[in-house]
There are 2 protein chains.
Amino acid sequence: MNLDLTLSSLQDKGHRITKVRKEVVKIFSQSSQPLSANQVEKMLSQVNVTANKATIYRELQFLLTNRYLTEVYLHPNEVSYESSELKHHHHLVCDICGSIDNVTNCLVSKLEEDVLKKKGFQIERHMLEFYGTCSRCLKQT
Amino acid sequence: MNLDLTLSSLQDKGHRITKVRKEVVKIFSQSSQPLSANQVEKMLSQVNVTANKATIYRELQFLLTNRYLTEVYLHPNEVSYESSELKHHHHLVCDICGSIDNVTNCLVSKLEEDVLKKKGFQIERHMLEFYGTCSRCLKQT
DNA sequence: TAGACTAATGCAATAAAGTCGCAAATAACA
DNA sequence: TGTTATTTGCGACTTTATTGCATTAGTCTA
């Protein structure tokens, strides 16, 4: 799903396409990295769109509610977001440099079936995050 | 590893066994659920141990640094902790009632080997959390 | 294009989670 | 029991996030 399609589908639901909304959706449609509210604020100012913190938080909540964004918890006290339209993936978080890489193969679905069978818990989604040392940092030690 | 063993190993490293420390370690050694700082505070007061918020945060950091506790991120803006000594497991978080159950079988290790081979990223740990509807809540709908 | 309607925004106050410096208290050990 | 260094409480402060309200500005229609 591309940028314009996302925006017009929001518009179809009666929501307005404002400067901030347009730019935030654009930022996430182009980012391969999860972004926090602060990072979004910085990226907005880089394209000369100033928005109040409250507006940014509200916009992120809005896009989350409308299922365009997904929450990611990688670090304490910092919620990040990424486009729900990204191919299902997991993160490789480097403890040393903080870099974030993605893994797209996922063996979890089989586990999910087992859980439903054994526990009766119906899984809607999962988060799988990896922490360790990226190849670049491994070389430097 | 039991309660007394944990405490005496901390003591061996030159740390003191205070009322708060003893009680916090005890709480985690008996809990199958991850606990936030606030929850720890409540559980402390239930056994008539009052401790300042700052003290609790410091104690949690201390136990984290000393690898007795592990961080868990299940919800935005709330870090929880659990004993590192629990058998490796993942969480089933119910979106409706908030209950937390554990799964102990883990298919992730194979994936980890693949990642190291393909990406050169050395995984030290991972977090896998599931969100959905628990069996009890499923029945009530 | 002007005007009406309502979503979205900015601002300011507030809440909640967490941190830090410093003086006082207390565990550990001789 | 006294000494010493760790731990604690207190209070101030920081960061992240939320909310009410008045204003602004998209969107739709005439």
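The figures that follow rest on heavy atoms only: side chains count, while hydrogens, waters and symmetry mates do not. Small disclaimer: the values here were computed from a predicted structure and weren't measured.
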**Prompt:** Heavy atoms under 4.0 Å, any strand shown: does A/Arg21 hit a base, just sugar-phosphate, or nothing?
**Reply:**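 It contacts sugar-phosphate atoms only.
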**Request:** Looking at every strand, decide which applies to B/Glu78 at a 4.0 Å heavy-atom threshold: base, sugar-phosphate, or nothing.
**Result:**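 Touches nothing.
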Would you mind telling me which of [options] lies closest to the side-chain atoms of [X]?
| X | options | answer |
| --- | --- | --- |
| B/Asn38 | C/dG18, C/dA17, C/dG10 | C/dA17 |
| B/Glu59 | D/dA17, D/dT8, C/dT19 | D/dT8 |
| A/Gln61 | C/dA17, D/dT18, D/dT27 | D/dT18 |
| A/Ala54 | C/dC11, C/dA8, D/dA17 | C/dC11 |
| A/Arg16 | C/dG18, D/dA25, D/dG9 | D/dA25 |

**Message:** Apply side-chain contact (heavy atoms from CB on, under 4.5 Å) to residues B/His15 and B/Asn66 and explain how you reach the verdict.
**Reply:** CA-CA 10 Å; B/His15 305 296; B/Asn66 283 277; 3.7 Å; yes
**Asked** Per the atom types in the model, does the base of C/dG18 pair as donor or acceptor with the side chain of B/Arg58 at under 3.5 Å?
**Response**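 Looking at the base of C/dG18, it does not pair with any donor or acceptor on the side chain of B/Arg58 (distance under 3.5 Å).
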**Message:** Quiz question: by atom type and distance under 3.5 Å, do the side chains of B/His75 and B/Glu129 form a donor-acceptor pair?
**Reply:**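 Judged by distance alone, the side chains do not pair up.
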**Request:** Would you check if there is a donor-acceptor pair between the side chains of B/Ser36 and B/Ser80 at a distance under 3.5 Å?
**Result:**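 No, no side-chain donor-acceptor pair sits under 3.5 Å.
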**Asked** When you match A/Asn52 and A/Gln11 each to their closest nucleotide on DNA chain D, which lands nearer the 5' end?
**Response**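 Nearest nucleotide further toward 5': that of A/Asn52.
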